[in-house]
Every structure is written in C-alpha cells, then in structure tokens.
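See below for the structure under consideration.
Naming convention: chains lettered A, B, ... in sequence-line order (proteins, then strands); numbering from 1 in each chain. These numbers come from a predicted model, not from an experiment.
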There are 2 protein chains.
Amino acid sequence: MEAGMRNLFDSLGYSLGKASQAMAERFAPVLEPYGIDSRQFGILCVIGRNPGISQKSIGTNMRVDRTTMVALVDALESLGYCERSRSREDRRSYAIYLTARGKELTDELWGAMREVEDLTLDELPREVQDALLAVAATIQRKRRT
Amino acid sequence: MEAGMRNLFDSLGYSLGKASQAMAERFAPVLEPYGIDSRQFGILCVIGRNPGISQKSIGTNMRVDRTTMVALVDALESLGYCERSRSREDRRSYAIYLTARGKELTDELWGAMREVEDLTLDELPREVQDALLAVAATIQRKRRT
DNA sequence: TATTGTTATACTCTATAACTATA
DNA sequence: TATAGTTATAGAGTATAACAATA
C-alpha cells in the first residue's frame, strides 16, 4: 500500500456513520409532518417504556443536556404526545407519561421506521454493505474465542 | 406488544448511530494531539487517494459545504499536512496534495483507527452488537434472493 | 448543601450572500 | 454567464451560569 492511499470505505467507523446518516435522512421526512425529529421520537420511545420517568433521566439515558431537554419536551407536550405531572416522590421533578395519542403515534412511526430501515439497507453503497458484513464477522469471531 | 412500549435497541438506525458515535468518541482523543478532527482525517484520506483534487470535489465527496471547506483545509495546510497549488487546467481552483508529513500521519492514524475500531466493537453494549449482527443477516438474506 | 427544572446568554458550527478571479 | 475559492454575517443548536423550588 502506497503511503497515504487510504480508502475511507475500508473504515468501519466511516461506514457505520454513512449507514446511520442514510437512515436518519430517510426517516426525517417521515417524522416532519408530526412536528418532531428523530431525537424526539427517541424520547417518546423512552417515555413509553418508562412511564413516569423524569426529564433528567431521559436526558441521562439519551445523552441530552437537561437544559436542552426543556424545549424538546415542551414541543412534545404542546403537540399532545406527552404530559408532565409533578412527581409525588420528589416534587422537584416531573413524572412524564405518553398520552393516548403519543402511544398511537409511537406505534405508527415504529412501523414506518421499520420500512425505512429495510429500504435504506437496500440503498446503501455496496462498499458500506460490505463493511457492515465485516463488522458482524468480527463480532462473531470475537464471541467464538 | 403494549401500545407505545418500544425499545430503541430494537431499532437498526439507533444501534448504528450508537456504534458510530462510540467509534467517533474513542477516535477523537487520538486525533486531538495532531490538531485535527475526524472529518479532517477523512479529508486527508480523500486527498491521499486523489492527489491534485480540488476543495470543491472534496466537499462534494464528503458532503461538506465549500465555505466550510476553507477553514478545514486552512488548518490542515498550516499544520503542514497538505499543500494548495493553483491547478494548471483551471486556475480558479486549487490542486491539493498531501505533504510527506501528511502521508506519514495518514498512515499512522490509520493504524490507530484500526485499533480503535477493534476495541470499540468489544465495548459496544450487547444489544447494539446484536443489532449489528441483525443488520448483516438482513443484508445477506437480501443478496441471496 | 445538592438537585430538578427553567431562563437568559454566550459559544460553536454551518450555511447564505456578496465579492474576486478565472472560465 | 457560470464556477472555485474567499469573507462576513446571520441562523440554528448547544452548553454555561444563575435562579426558584424542593430535597
């Protein structure tokens, strides 16, 4: 290999990033009509699995700063997807729940996400697909030893 | 499945993002002493494989706006990793080349990146590893049919 | 004294508009 | 007239500091 002649497609990190980016870009227009982005969809999923969770805990779980959480949850609440109520155990924090509409939307979007994932895998450049296969092969090899 | 109870780890997109993020975060401190970030490392790789490439072409290749390219290449040049010279065919654009030091650094960092990739795959949460295996299985199934 | 949520503010990053030089 | 590179600037997104309420 001649000095400096490195092909980014041979990098697992680069290929993982490309695949991740491709899915995000295909999913974004699906979410857009509902007024949310992929991070907010993630928040809905976390609330759904953890009814009564606090903003702080969601942020810790998703690596989102607590000051950033405020506006994200504000929007979800004003759109009618979740509700804040003061926690009984610790009245500094909120207990957050999905509304019926929020549960409905989460399920609907989850199905749409599955379709996006399936389509996106098809559309990935061959080199990226190959890199993902290499990632899996490495994981399996590590587990066998 | 109860309404709204969706586990993000069951999302391929989420897991791909987590894996990508984990690699980026582990690679960043390796690059930091050299004054560059992962995107600039990518630029070095692209220049290395395409000696004489223009800023515009690099940007198109890596989805980076041309106005954003300026500062990125400025830094790489002032650090002595690449050089701009006016293109002979089209004197509006630059022909960009890696310096000897730039080639050296690219090779060195490429090796470090391989180690990071290997270590990071080990450290990924089990659920993320499983999702990556599922991605590979889906790709292989699609190819067989 | 520490923590949750909040607001205001400063900072970073990126893209838009306008310019120069070449084509 | 269009394009590569550049600069200045505005915009979006995020984190820091400070405050109120509660622990």
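- Atom-to-atom, CD of B/Gln55 to P of D/dT3 comes out at 17 Å; the value is rounded to the nearest Å.
- For the pair A/Leu72 CG and C/dT4 C1', the interatomic distance rounds to 16 Å; values are reported in whole Å.
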Exercise for review: Begin from the C-alpha positions of A/Glu108 and A/Tyr34 and carry the test side-chain hydrogen bond (donor to acceptor under 3.5 Å, both in side chains) through to its verdict.
Suggested key: CA-CA 11 Å; A/Glu108 183 185 331; A/Tyr34 301 96; 2.7 Å; yes
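- A/Arg84 comes within contact range of the sugar-phosphate backbone alone, with a heavy-atom separation under 4.0 Å but no base atom that close.
- Counting only heavy atoms from C-beta on, B/Ser93 has its side chain closest to D/dG5 among D/dG5, C/dA17, C/dA23.
- Taking the side chain of A/Arg92 as heavy atoms from C-beta on, and the options C/dT16, D/dG5, D/dA23, the nearest nucleotide is D/dA23.
- The side chain of B/Thr68 has C/dT14 as its nearest neighbour among D/dA17, C/dA17, C/dT14.
- Hydrophobic clustering of Ile, Leu, Val, Met, Phe, Trp and Tyr side chains at less than 4.5 Å, counting indirect connections, keeps B/Met5 apart from B/Tyr14.
- Considering only the side chain of A/Arg39, D/dT14 comes nearest among D/dT6, D/dT14, D/dA4.
- Checking A/Ser15 against A/Glu127 by side-chain atom types alone, no donor-acceptor pair falls below 3.5 Å.
- Using a 4.0 Å heavy-atom distance criterion, A/Ser54 is classed as a sugar-phosphate-only contact.
- Between A/Arg88 atom CZ and D/dA23 atom C1' there is a gap of 18 Å when expressed in whole angstrom units.
- B/Phe41 and B/Trp110 have tilted rings, their planes meeting at an angle from 30° to 60° on a 0 to 90° scale.
- Atom pair A/Lys56:NZ and D/dT22:C1' shows a separation of 15 Å (rounding to whole Å applied).
- When distances run from any side-chain atom of A/Tyr94 to the nucleotides C/dA17, D/dA23, C/dT6, the shortest one goes to C/dT6.
- Look at CZ on B/Arg86: it is 7 Å from P on D/dT6, rounded to the nearest Å.
- As a whole-Å value, the separation of B/Glu89 CD from D/dT3 C1' is 16 Å.
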Review point. Which is it for B/Ser57 and B/Thr60 under the side-chain hydrogen bond (donor to acceptor under 3.5 Å, both in side chains) test, yes or no, and what are the steps along the way?
Key: CA-CA 5 Å; B/Ser57 295; B/Thr60 302; 5.8 Å; no
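- Per the geometry, CE belonging to B/Met62 stands 15 Å off C1' belonging to C/dT14, to the nearest Å.
- Of the listed nucleotides (D/dA23, D/dG5, C/dT6), D/dA23 has the atom at the smallest distance from the side chain of A/Asp90.
- Rounded to whole Å, the distance from CE on B/Met69 to C1' on D/dT6 is 13 Å.
- Between the side chain of B/Arg91 and the base of C/dT22 there is no donor-acceptor pair of N/O atoms closer than 3.5 Å.
- Among the protein residues, A/Arg66 comes within range of the nucleic acid bases, having at least one heavy atom under 4.0 Å from a base atom.
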